[in-house]
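We count ligands from 1, going down the list as the structure has it; atoms in each ligand are counted the same way. Because the structure is predicted, anything quoted here is derived from the model rather than measured. Excluded from the calculations below are hydrogen atoms, water molecules and symmetry mates; all remaining heavy atoms, backbone and side chain alike, are included.
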Amino acid sequence: MQIENLFDGVYKLDGKLCTEGLVPGKKVYREEHKEFKGKEYRMWNPYRSKLAAAILNGLKNEHIRKSDIVLYLGAATGTTTSHVSDIIGKDGILYCVELAERNMRDLLTVCESRTNMLPILADARYTERYDSMVKQCDIIYQDVSSPEQVGILISNSRFLKKNGYAYFAIKSQSINIKKSPEHTFRKALDELSHVFEVVEEVKIEPYHKLHLFAVLRKI
Ligand SMILES: C[S@@+](CC[C@H](N)C(=O)[O-])C[C@H]1O[C@@H](n2cnc3c(N)ncnc32)[C@H](O)[C@@H]1O
């Protein structure tokens, strides 16, 4: 077996992307687990996670670090959040905002065994609902597939430290199905330019169609 350390807490084990499991033995989405030199690694499926897809498609820098505070908008059932939870480790904090009660039920099961994940059942358009719960963050991750994606990122940017990074999974089909994806991506990034500078852009096909994964820095 061979291990390659790609970024903080992100590895390739025998060529497969993975993170070191924070809670040994616990599967979140039936992902494969492998042991290597006394540690357990969780294989990270790029078809289930846009961050995994971006890493495999050549993301140059991954900014999530051990002990970071992360605000995750659109946590769904906990797939990507579980890997982010692995990366930040037990001293980090991961606020998981999710609107759908059905998804939140599954997410709660994941949060039960991962003490760094704090579930928040809320609509990310209304930041005042979780204002008092959320500390200043190092990273915002936004993957809400909503026509209001841009506005949601702008309003939540007040939780992000200056020079903090935002990971923004832009879904063109959620924003405007009548315009070309490229037009929608450019317009979205342009609308954010008074708050963020663009650091990196990664197309995440074939794993996720009609998406752009953008890495932004708060100015
Ligand atoms: C594409 S899924 C996210 C997948 C997840 N990021 C992952 O990789 O595991 C989008 C999620 O955003 C949630 N969502 C949509 N609009 C939202 C809003 N306004 N506030 C919070 N969550 C929202 C949906 O319920 C859904 O669970």
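Near Ser145, meaning under 4.0 Å from any of its heavy atoms, are these atoms of ligand 1: 1 (C), 10 (C).
The protein atom (non-hydrogen) at minimum distance from atom 26 (C) of ligand 1 is Glu98 OE1, 3.7 Å. Scanning all protein heavy atoms for the shortest distance to atom 15 (C) of ligand 1 gives Val144 O, 3.0 Å. For atom 3 (C) of ligand 1, the nearest protein heavy atom (residue, atom name, distance) is Gly74 O, 3.2 Å. Shortest contact from atom 4 (C) of ligand 1 to any protein heavy atom: Asp143 OD2, 3.4 Å. The protein non-hydrogen atom at the shortest distance from atom 20 (N) of ligand 1 is Ala124 N, 2.9 Å. Shortest contact from atom 6 (N) of ligand 1 to any protein heavy atom: Tyr72 OH, 2.6 Å. In this structure, the protein non-hydrogen atom closest to atom 1 (C) of ligand 1 is Lys50 NZ, 3.5 Å.
Here the side chain of Glu62 pairs no donor or acceptor atom with the backbone of Asp8 at under 3.5 angstrom.
Using cut-offs of 30° and 60° on the angle between ring planes, the pair Tyr165 and His63 is parallel.
Looking only at atom types and distance, the side chain of Asn116 has a donor-acceptor partner in the side chain of Ser85 under 3.5 Å away. Side-chain contact annotation: Thr77 with Asp106, donor-acceptor N/O pair under 3.5 Å absent.
Residue-level proximity to ligand 1 for Asn103 is carried by the side chain, the only part with a heavy atom below 4.0 angstrom. By the criterion of a heavy-atom distance under 4.0 Å, the backbone of Ala122, and not its side chain, is placed next to ligand 1. Under 4.0 angstrom from ligand 1, there are no non-hydrogen atoms of Tyr141.
The closest approach between a heavy atom of Arg48 and any atom of ligand 1 is below 4.0 Å.
The heavy atom nearest to atom 17 (C) of ligand 1, considering only Leu99, Asp106, Leu121, Ile120, is found in Leu99. Comparing heavy-atom distances from atom 18 (C) of ligand 1 across Asp123, Asn156, Thr80 singles out Asp123 as nearest.
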